Amino acid sequence: MKRLPDSELEIMLIIWEANEGVTRSYIQEHLEGSKILAPTTILSFLSRLTTKGFLRIEKVGKTNLYYHLVSQEDYANKESKKILERFFGNSVKDFVVQLNDSKAVDEEGIQELKEFLDSLSTETK
C-alpha cells in the first residue's frame, strides 16, 4: 500500500468519515477551510485513488458514488508502522520522546498515554 499525498489523503478522510458512497460534490462541500478545488481536480484525485486501489466507483444513474476499499484503520496502521520504523528504528520510547520534545502532545495527552499504558499492564497481569 502506497503512502498517499496530503491532497489525496484529505479526500480519503472525507470518504472515511462519511462511511458510505459519496459523490464528487459531497467531497467538494466537505473540503476543509479555504481549500477550493475545481471539480476536475477532485475528479483527478478520485481517479488516482481508484487506480491505486483505495476506492471503487459505482455508477448510479448519471452519478458516480465513491466507496473506500481500504479502511482508515488499515491505512493508519500501515503508515504508523512505517513512521516508527523509518524515523525511530522501531523504538516507541524514541517516538514518544520526539512527541514530547516537539510539544505535539500536551499534559492531557501525556496523562491519556499513561492511563493507556497502565491499562495494558493490568490486562497482562
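The model shown is predicted, which means the values in this text are computed figures rather than measured ones. For reference, positions follow the sequence shown, starting with 1.
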(message) Is there a path of hydrophobic side-chain contacts, each under 4.5 Å between heavy atoms of I/L/V/M/F/W/Y residues, joining Leu43 to Leu49?
(response) yes
(message) Would you call the rings of His68 and Trp16 parallel, tilted or perpendicular, taking 30° and 60° as the class edges?
(response) perpendicular
(request) Rounded to the nearest 0.5 Å, what's the gap from OH on Tyr75 to CE on Met1? Could you check? (result) 8.5 Å
(message) Can you confirm whether Lys52 sits close enough to Val70 that some side-chain heavy atom of one is under 4.5 Å from a side-chain heavy atom of the other?
(response) no
(message) Restricting to non-hydrogen atoms, name the atom on Val22 and the atom on Ala18 that form the minimum distance, rounded to 0.1 Å.
(response) CG1-CB, 3.4 Å
(message) Using every non-hydrogen atom in the two residues, find where Phe88 and Gln98 come nearest and quote the distance to one decimal.
(response) CE2-CB, 3.6 Å
(request) Would you check if Met12 and Glu8 make a side-chain contact, meaning some heavy-atom pair closer than 4.5 Å? (result) no
(message) Grouping I, L, V, M, F, W and Y whenever their side-chain heavy atoms are under 4.5 Å apart, do Leu65 and Ile57 come out in a common cluster?
(response) no
(message) Tell me if the CD atom of Glu112 is crowded by more than 12 foreign heavy atoms within 6.0 Å.
(response) no
(message) Rounded to the nearest 0.5 Å, what separates atom CG in Leu4 from atom CZ in Phe54?
(response) 4.0 Å
(request) For Ser47 and Ser44, indicate whether the former's side chain and the latter's backbone hold a donor-acceptor pair under 3.5 Å. (result) no
(message) Within this structure, what is the CD1-CG distance for the pair Ile11 and Leu31, rounded to the nearest 0.5 Å?
(response) 5.5 Å
(message) Taking the six-membered ring for Trp, are Phe87 and Phe95 closer than 6.0 Å centroid to centroid?
(response) no
(request) Return the minimal non-hydrogen interatomic distance between Ile14 and Tyr26, and the atom names on each side. (result) CG2-CE2, 3.8 Å
(message) Tell me the closest heavy-atom pair linking Gly109 and Asp106, and the distance in Å.
(response) N-OD1, 2.8 Å
(message) Side chains of Glu58 and Asn64, heavy atoms from C-beta outward: is any pair under 4.5 Å?
(response) no
(request) Kindly compute the distance separating CD1 (Ile27) from CG (Leu13), expressed to the nearest 0.5 Å. (result) 11.5 Å
(request) Look at the side-chain heavy atoms of Ile, Leu, Val, Met, Phe, Trp and Tyr, link any pair under 4.5 Å apart, and say whether Ile83 and Val96 land in one connected group. (result) yes
(request) Give a yes or no on whether Lys59 atom NZ has more than 12 heavy-atom contacts from other residues, nucleotides or ligands under 6.0 Å away. (result) yes
(request) Check whether Val92 and Leu99 end up in the same hydrophobic cluster, where Ile, Leu, Val, Met, Phe, Trp and Tyr are linked by side-chain heavy atoms less than 4.5 Å apart. (result) yes
(message) Between Lys82 and Glu85, does any side-chain N to carboxylate O distance fall below 4.0 Å?
(response) no
(request) Measure the spacing between CG of Leu37 and CZ of Phe45 and express it to the nearest 0.5 Å. (result) 6.0 Å
(request) Report the distance from atom CG of Leu55 to atom CG of Leu69, rounding to the nearest 0.5 Å. (result) 6.5 Å
(request) Tell me whether Ile15 is reachable from Tyr67 by hopping between hydrophobic residues (I, L, V, M, F, W, Y) whose side-chain heavy atoms are closer than 4.5 Å. (result) no
